[in-house]
Amino acid sequence: QEQLVESGGGLVQAGGSLRLSCQASMRTFSFYGMGWFRQAPGKEREFVAAVKWGTGRTLYTDSVRGRFSASRDKVNKTVYLQMTRLKPEDTAVYYCAARSRYNSPDVLMDSYDYWGQGTQVTVSS
């Protein structure tokens, strides 16, 4: 029943790397973009990265720029978040999301129509 299925979370030491994946399972697929958000313990959900489906253009929040890289595979209908040089403050549940239009900013949760189930990323010091 889930239309966006996430995987790749886990426990990693500070400085390590993880790659998150989010695959669309619906038969028809015509999204205009995908995004990654995260929610740390006791915090509100926040924007991490976004990728435009057609061009691959990306956008990152300041705290992850240069460390995280978002990309998409059109053939496999999958978006990735490659996370490197992880820090304890990156610990959170990470959610992928998909949007059908670009009529609102990428950083807003309300811009997205579909959401994954979330995957836990824990970075230890």
[X] side, atom [atom1]; [Y] side, atom [atom2] - distance, nearest 0.5 Å:
X	Y	atom1	atom2	result
Gln120	Thr91	CD	OG1	7.0 Å
Phe68	Arg85	CZ	CZ	10.0 Å
Leu20	Cys96	CG	SG	9.0 Å

Quick check on the hydrophobic clustering: are [X] and [Y] connected, directly or via other members, by side-chain heavy-atom contacts under 4.5 Å?
X	Y	value
Val12	Met83	yes
Met109	Val93	yes
Tyr94	Val107	no

**Study point:** Residues Ser25, Gln23; criterion side chain to side chain donor-acceptor pair (under 3.5 Å); working and verdict
**Key:** CA-CA 6 Å; Ser25 61; Gln23 185 170 32; over 6 Å; no
Review point. When the ring centroid of Phe37 is compared with that of Tyr95, is the distance short of 6.0 Å?
Key: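 Ring-ring flag for Phe37/Tyr95: false, centres at least 6.0 Å apart.
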Flag side-chain contact, heavy atom, 4.5 Å: [X] against [Y]:
X	Y	value
Leu81	Val48	yes
Val79	Trp36	yes
Tyr112	Asp106	yes
Thr61	Glu46	no
Met34	Arg72	no
Phe47	Val64	no
Glu89	Ser63	no

For the residue pair [X] and [Y], what are the closest heavy atoms and their distance?
X	Y	answer
Ala14	Pro88	CB-CD, 4.1 Å
Ala24	Phe31	CB-CE1, 4.5 Å
Ser7	Thr119	C-OG1, 4.5 Å
Thr84	Arg67	OG1-O, 2.7 Å
Leu86	Leu18	CD1-N, 3.9 Å
Gly118	Glu6	N-OE2, 3.1 Å

Practice item. Take atom CG of Asn103 as the centre, draw a 6.0 Å sphere, and report whether it contains more than 12 heavy atoms from other residues, nucleotides or ligands. Key: yes
Point to revise | Polar side-chain atom of Ser111 near backbone of Pro105 as donor-acceptor pair, under 3.5 Å | key: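 Yes; judged by distance alone, with no hydrogens or angles, the pair exists.
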Review point. So, does Asp73 use its side chain to make a donor-acceptor pair with the main chain of Val75 at under 3.5 Å?
Key: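 It does hold such a pair.
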Practice item. Decide side chain to side chain contact (heavy atoms under 4.5 Å, CB included) for Gln82 and Ser17; before the verdict, give the C-alpha distance in whole Å, the side-chain angles of both, and the deciding distance to 0.1 Å. Key: CA-CA 8 Å; Gln82 179 67 53; Ser17 300; 4.1 Å; yes
Exercise for review: Answer yes when Asp90 and Arg38 have at least one side-chain N-carboxylate O distance shorter than 4.0 Å, and no when they do not.
Suggested key: yes
Point to revise | Arg45 to Trp115 six-membered ring, cation-pi geometry met (6.0 Å, 45°) | key: yes
Practice item. Go through the side-chain N and O atoms of Ser124 and Gln13 and say whether any donor and acceptor fall under 3.5 Å apart. Key: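 Judged by distance alone, the side chains do pair up.
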